[in-house]
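Throughout, residue positions are numbered sequentially from 1 according to the sequence presented.
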Amino acid sequence: PGSTGSNSEIIFVVDDSSWDIFIEKDVRNIFSGEIPGIGKEESFFKVIQINNSEFNSLLKTHKNIVFISNDTVFKISNDVWAKNQTVGYIGYRNDGFFIDNCNVLFEVFYDNELFALRRKLSQETNLSYSKIVQETFGIEIIIPSEYSLSIDSSDFKLFSYNPPKKEIIKHILFASTPYRDNNLIDSIIMNTNRITSKILKGASKDSYVILEPDFYPELYNESYRALWKLHNGFMGGPIIIKPYVVDNQLILAIALVFSPQSSKRGYVKEFEAIL
């Protein structure tokens with residue numbers, strides 16, 4: 001059968017006493033750590049612990065499962081009880097190998113979620129938009145069909161999702177500038193502020209989007225995570241900036257969202273899969 005549950009959830013099968021005394025803290029530090037660049041506390045994964053007697057046929061089809069016991073040799077298996085399923089087996093012996101193996105599993109689950117998102121978005125992509133980006137900037141990017149090309153110039157392309165009667169705005173912006181072999185992060189901050197302040201304007205006079213100066217961008221998984229704010233306004237949210245160097249040009253792929261009432265985890269993951 002097909003797997004069930006969410007890619008963002010992981011079931012840990014382990015005895016209650018071992019979980020409470022030895023294991024829970026390390027597992028939550030790794031798998032439930034705070035996602036960088038969101039501005040509020042949201043975790044990478046939702047951790048669900050059950051003991052062996054609770055692991056029934058319904059739970060066997062979950063997408064992500066980890067078994068922990070004292071005598072288990074570390075391994076990872078796919079499609080054990082369901083399609084598109086990943087099952088990890090970790091032995092806990094109160095040594096450093098447990099944490100190392102958890103980190104390996106984290107990367108596997110993280111990459112699996114991005115792959116699943118990218119596969120889903122690829123089925124909904126606007127091929128003509130992706131072709132425009134590839135021909136203009138030399139990079140291959142997925143542009144979901146829900147976006148519209150709102151600004152089209154030789155210097156930059158802006159794709160936007162701003163449905164009526166919904167409090168959500170998403171932008172994906174591409175721009176290029178000559179690449180200079182200097183401090184990359186300073187160049188990214190300067191050029192992002194230059195571009196967004198020119199293109200992304202607020203409703204009131206002299207309002208525009210810039211990076212939040214009190215939140216220094218964090219590099220994670222080849223992208224810079226930061227927060228944006230509306231200068232002379234009251235809007236803000238997470239922003240992801242992925243740099244590419246193509247033919248001595250620094251290409252900035254910038255994705256940001258405004259959705260004050262909802263969790264930001266899904267948007268950040270979506271942007272990662274797109275960029």
Side-chain angles (χ1 to χ4, degrees), residues 34-43 121 126 129 133 136-137 141-144 146-177 183-244 250-275:
E34 184 177 344
I35 299 177
I38 288 186
K40 63 177 184 177
E41 188 172 340
E42 292 188 38
S43 61
L121 292 170
N126 187 315
Y129 287 169
V133 174
T136 306
F137 302 106
I141 293 290
I142 295 171
I143 305 294
E146 67 181 5
Y147 287 81
S148 299
L149 180 58
S150 51
I151 299 181
D152 183 10
S153 76
S154 58
D155 298 325
F156 48 78
K157 311 291 181 186
L158 176 66
F159 301 90
S160 303
Y161 173 71
N162 186 9
K165 299 181 181 179
K166 289 186 178 181
E167 197 172 27
I168 177 174
I169 303 172
K170 295 189 290 186
H171 292 302
I172 306 174
L173 170 64
F174 301 91
S176 65
T177 186
N183 191 313
L184 179 61
I185 182 60
D186 287 346
S187 179
I188 288 173
I189 293 172
M190 179 189 70
N191 282 290
T192 298
N193 282 331
R194 176 180 62 83
I195 294 163
T196 57
S197 63
K198 179 180 179 180
I199 298 172
L200 301 178
K201 303 286 188 178
S204 59
K205 184 179 179 181
D206 296 326
S207 65
Y208 46 82
V209 169
I210 57 171
L211 294 176
E212 172 57 64
D214 294 331
F215 190 97
Y216 196 76
E218 298 180 56
L219 179 61
Y220 189 86
N221 206 24
E222 300 181 347
S223 299
Y224 288 89
R225 311 287 188 88
L227 298 176
W228 65 271
K229 73 172 187 177
L230 188 66
H231 180 69
N232 290 329
F234 299 99
M235 298 171 69
I239 181 171
I240 289 184
I241 309 162
K242 187 166 185 177
Y244 299 84
L250 175 63
I251 312 298
L252 294 181
I254 303 168
L256 60 100
V257 61
F258 173 73
S259 182
Q261 304 301 322
S262 61
S263 165
K264 306 302 185 294
R265 182 192 190 279
Y267 298 124
V268 170
K269 285 285 189 179
E270 176 188 304
F271 290 153
E272 264 196 294
I274 289 172
L275 303 183

Is there a side-chain contact between I169 and S160 (heavy atoms, below 4.5 Å)? no

Separation between OH of Y208 and CG of L200, rounded to the nearest 0.5 Å: 12.5 Å

Closest approach of L211 and A226, non-hydrogen atoms and distance? CD2-CB, 4.2 Å

side-chain contact (heavy atoms from CB on, under 4.5 Å) with S204: which residues, sequence neighbours excluded? S207

Under the rule for side chain to side chain donor-acceptor pair (under 3.5 Å), what residues qualify as partners of R225, not counting sequence neighbours? Y110, E272

Could you pull out the closest heavy-atom pair between E222 and K242, with the gap in Å? O-CG, 3.7 Å

Under 3.5 Å, is there a donor-acceptor pair between the side chain of K166 and the main chain of N162? no

Mind listing the closest non-hydrogen atom pair of N191 and R194 along with its distance? OD1-NH2, 2.9 Å

Just say parallel, tilted or perpendicular for the rings of F174 and F159, cut-offs at 30° and 60°. perpendicular

With a 4.5 Å heavy-atom cut-off, do W228 and T196 have their side chains touching? no

Within this structure, what is the CD1-NZ distance for the pair I274 and K269, rounded to the nearest 0.5 Å? 13.5 Å

Could you go step by step and tell me if H171 and V209 meet the side chain to side chain contact (heavy atoms under 4.5 Å, CB included) rule? CA-CA 12 Å; H171 292 302; V209 169; over 6 Å; no

Atom CG of D214 and atom CG of L227: how far apart are they, to the nearest 0.5 Å? 10.0 Å

Drop me the distance from E270's CD to I142's CD1, to the nearest 0.5 angstrom. 10.5 Å

Contact check, side chains of F156 and L173, non-hydrogen atoms, under 4.5 Å: yes

Donor-acceptor contacts under 3.5 Å from residues 251-267 side chains, at least two apart:
unit_1 : atom_1 : unit_2 : atom_2 : d
S259   : OG     : S262   : OG     : 2.5
S259   : OG     : Y267   : OH     : 3.4
S262   : OG     : S259   : O      : 3.4
S263   : OG     : E42    : OE1    : 2.5
S263   : OG     : R265   : N      : 3.4
K264   : NZ     : S259   : O      : 2.9
K264   : NZ     : S262   : O      : 2.8
R265   : NE     : S43    : O      : 3.4
R265   : NE     : F44    : O      : 2.8
R265   : NH1    : E113   : OE2    : 2.8
R265   : NH2    : F44    : O      : 2.3
R265   : NH2    : E113   : OE1    : 2.9
R265   : NH2    : E113   : OE2    : 3.4

Any chance you could lay out the side chain to side chain contact (heavy atoms under 4.5 Å, CB included) test for Y161 and I168, step after step, and finish with the verdict? CA-CA 8 Å; Y161 173 71; I168 177 174; 4.2 Å; yes

Under 3.5 Å, is there a donor on one side chain and an acceptor on the other for S197 and N193? no

Spacing of L250 atom CG and L184 atom CG [to the nearest 0.5 Å]: 6.5 Å

Shortest non-hydrogen contact between S148 and Y129, atoms and distance: CA-OH, 3.8 Å

Report yes if some heavy atom in the side chain of I185 is under 4.5 Å from a heavy atom in the side chain of Y216; otherwise report no. yes

Interatomic distance, L121 atom CG to F271 atom CZ [nearest 0.5 angstrom]: 11.0 Å

